[in-house]
*Asks:* 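Have a look at this one before I ask anything.
By convention in this document, chain letters (A, B, ...) are assigned in the order of the sequence lines, proteins followed by strands, and residues within each chain are numbered from 1.
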Number of protein chains: 2
Amino acid sequence: MKLDEAKLQFIQSWGILAGQWGINRTMAQIHALLLVAAKPLSTDDIMASLSISRGNANMNIRELMDWKLIDKSIVAGDRKEYFAAEKDIWKVVTHIMYQRKKRELDPMVKVLSQISDVEGDPKDADIMAFTSMVKDIQKFAGQADKTLDTIIKAEENWFWGSFMKLFKG
Amino acid sequence: MKLDEAKLQFIQSWGILAGQWGINRTMAQIHALLLVAAKPLSTDDIMASLSISRGNANMNIRELMDWKLIDKSIVAGDRKEYFAAEKDIWKVVTHIMYQRKKRELDPMVKVLSQISDVEGDPKDADIMAFTSMVKDIQKFAGQADKTLDTIIKAEENWFWGSFMKLFKG
DNA sequence: ATATATTTTCATTAATTATTGAAAATTCAG
DNA sequence: CTGAATTTTCAATAATTAATGAAAATATAT
């Protein structure tokens, strides 16, 4: 396969995958483009490569910076801004985990704690069905939360260290 | 908090969370409704509870059955079909993992292997940037694939067993 | 077999989400 | 400062995705 063809295929697939995970398709395509780029790219490069508007490019570039998946890089004697992706796939994954945990898991944990005690007879079948389910989910969410924290804060810990080395290099 | 109020809050939050993960909001709400229900519910119950149309209810019920998150249950002397959610939160999670792996990770692994060897000089900077990134992602995807298989096939394995017990029972 | 209850399908419509592009704001070299 | 280059914003528009509801298909009791 030719390089350009392979890149295109990668960018498209990455975009589709991201869409299925509730992430803006263009954002993922920009990320993919920068992941496989040999050098940092300017907004104009990105616009041209993906055939997207300036506004769209700008918006998604900023979002990617917010997720800490890409960084600005300055080229001497050039007023344009250039962007490069974090290439360490583990950092990419932990940054995504961190963002999603903060934006989604944390709010859900809050909601679960708010709804976890309901008025009325705890022996009532309806109330029991509800509270036992909520408690199970709370336990799961609590454990997921801790596990993610551990992974994010220290990838080389007792738990993940063993197999992480296998494919980190 | 009153039970109905708590249920409503749970159903809404579950729906919002699902939306952020690329899952149809209504599908998640039906799932949530059945998760906290004391008894199996009919299509009409679901339509009434969530104020949705018959077509929408039917479509998402079938999708949930496809994901193995809910089951049909028959009530003697009643022609209607009733539905109940799988209440073991671990089974819920492994079923979701299985479906997403099959639908998303597996196709991505296939794409990565298709694009992993590109024509041209392997010393070329552009080609190197591309191939090294693809190989890293392949390693990650391969490991994720194996790990998911292990979790899905045997939750009480050497790896997860230790902390899974903490919140399973 | 027939009538009736129930489920499924799918073209239409509605709601949501993403994209554009031009105007406004900002940056920076001279 | 000034003015050109660049980035950012955002209202309008387009594209995508979800929901409706009535018709068709299916299932079941008698």
*Asks:* Can you check the Glu81(B) CD to dT28(D) P distance for me, whole Å?
*Replies:*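 Going from CD in Glu81(B) over to P in dT28(D) covers 9 Å.
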
*Asks:* Rounded to the Å, how far apart are Lys72(A) NZ and dT6(D) C1'?
*Replies:*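 Distance, rounded to whole Å: 11 Å.
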
*Asks:* Please state how far atom CZ in Arg62(B) lies from atom C1' in dT26(D), giving the value in whole angstrom units.
*Replies:*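 Spelled out: CZ on Arg62(B) to C1' on dT26(D) is 13 Å.
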
*Asks:* Ignoring the backbone of Thr26(B), work out which of dG21(D), dT7(D), dA18(D) is nearest its side chain.
*Replies:*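 It is dA18(D).
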
*Asks:* How many Å lie between CD1 on Ile16(A) and P on dA18(C), as a whole number?
*Replies:*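 Going from Ile16(A) (CD1) to dA18(C) (P), I get 16 Å.
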
*Asks:* Check whether any side-chain N or O of Asn56(A) sits under 4.0 Å from OP1 or OP2 of dA18(C), and answer yes or no.
*Replies:*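 Checking dA18(C) against Asn56(A), no side-chain N or O comes under 4.0 Å of OP1 or OP2.
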
*Asks:* From dT20(D), dT9(C), dT19(C), pick the nucleotide closest to the side chain of Ile52(B)?
*Replies:*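 Shortest atom-to-atom distance from the side chain points to dT20(D).
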
*Asks:* Report the distance from atom CE of Met47(B) to atom P of dA22(D), rounded to the nearest whole Å.
*Replies:*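 Rounded to the whole Å, the gap is 11 Å.
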
*Asks:* Which one, dT8(C), dA18(C), dG21(C), comes nearest to the side chain of Asn24(A)?
*Replies:*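 In terms of side-chain proximity for Asn24(A), the closest of dT8(C), dA18(C), dG21(C) is dA18(C).
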
*Asks:* Take atom CG of Asp78(A) and atom C1' of dA5(D), then tell me their distance rounded to the nearest Å.
*Replies:*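 From Asp78(A) CG to dA5(D) C1': 11 Å.
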
*Asks:* Look only at the side chain of His95(A) and the backbone of Leu69(A), and say whether a donor-acceptor pair between them is shorter than 3.5 Å.
*Replies:*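 Absent.
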
*Asks:* When you measure from the side chain of Arg100(B) to the backbone N and O of Gln20(A), does any donor-acceptor pair fall under 3.5 Å?
*Replies:*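 It does hold such a pair.
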
*Asks:* Write down the distance between CZ (Arg25(B)) and P (dT17(C)), rounded to a whole number of angstrom.
*Replies:*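 From Arg25(B) CZ to dT17(C) P: 8 Å.
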
*Asks:* Toward the 5' end of DNA chain D, which comes first, Asn58(A) or Arg79(A), by nearest nucleotide?
*Replies:*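 Counting from the 5' end, the first nearest nucleotide belongs to Arg79(A).
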
*Asks:* Please state whether the phosphate of dA19(D), meaning OP1 or OP2, lies under 4.0 angstrom from any side-chain nitrogen or oxygen of Arg54(B).
*Replies:*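 So the side chain of Arg54(B) is outside the cut-off, no N or O lying under 4.0 Å from OP1 or OP2 of dA19(D).
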
*Asks:* So which nucleotide from dT8(D), dT6(D), dA19(D) ends up closest to the side chain of Asn60(B)?
*Replies:*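 Among the listed nucleotides, the one closest to the side chain of Asn60(B) is dA19(D).
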
*Asks:* Nearest-Å distance, CD (Glu63(B)) to P (dT9(C))?
*Replies:*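 Spelled out: CD on Glu63(B) to P on dT9(C) is 12 Å.
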
*Asks:* So does Gly142(B) get a backbone contact from the side chain of Asp145(B), meaning a donor-acceptor N/O pair under 3.5 Å?
*Replies:*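 It does not hold such a pair.
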
*Asks:* Is the distance from OP1 or OP2 of dT6(C) to the nearest side-chain N or O of Thr43(B) less than 4.0 Å?
*Replies:*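 No, outside the criterion.
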
*Asks:* Step through it carefully: locate the ring centre of Trp67(A), locate the ring centre of Tyr98(A), and say whether they are under 6.0 Å apart.
*Replies:*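 No.
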
*Asks:* Main chain of Met27(B), side chain of His31(B): is a donor-acceptor contact present, judged purely on distance under 3.5 Å?
*Replies:*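 Answer holds: no.
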
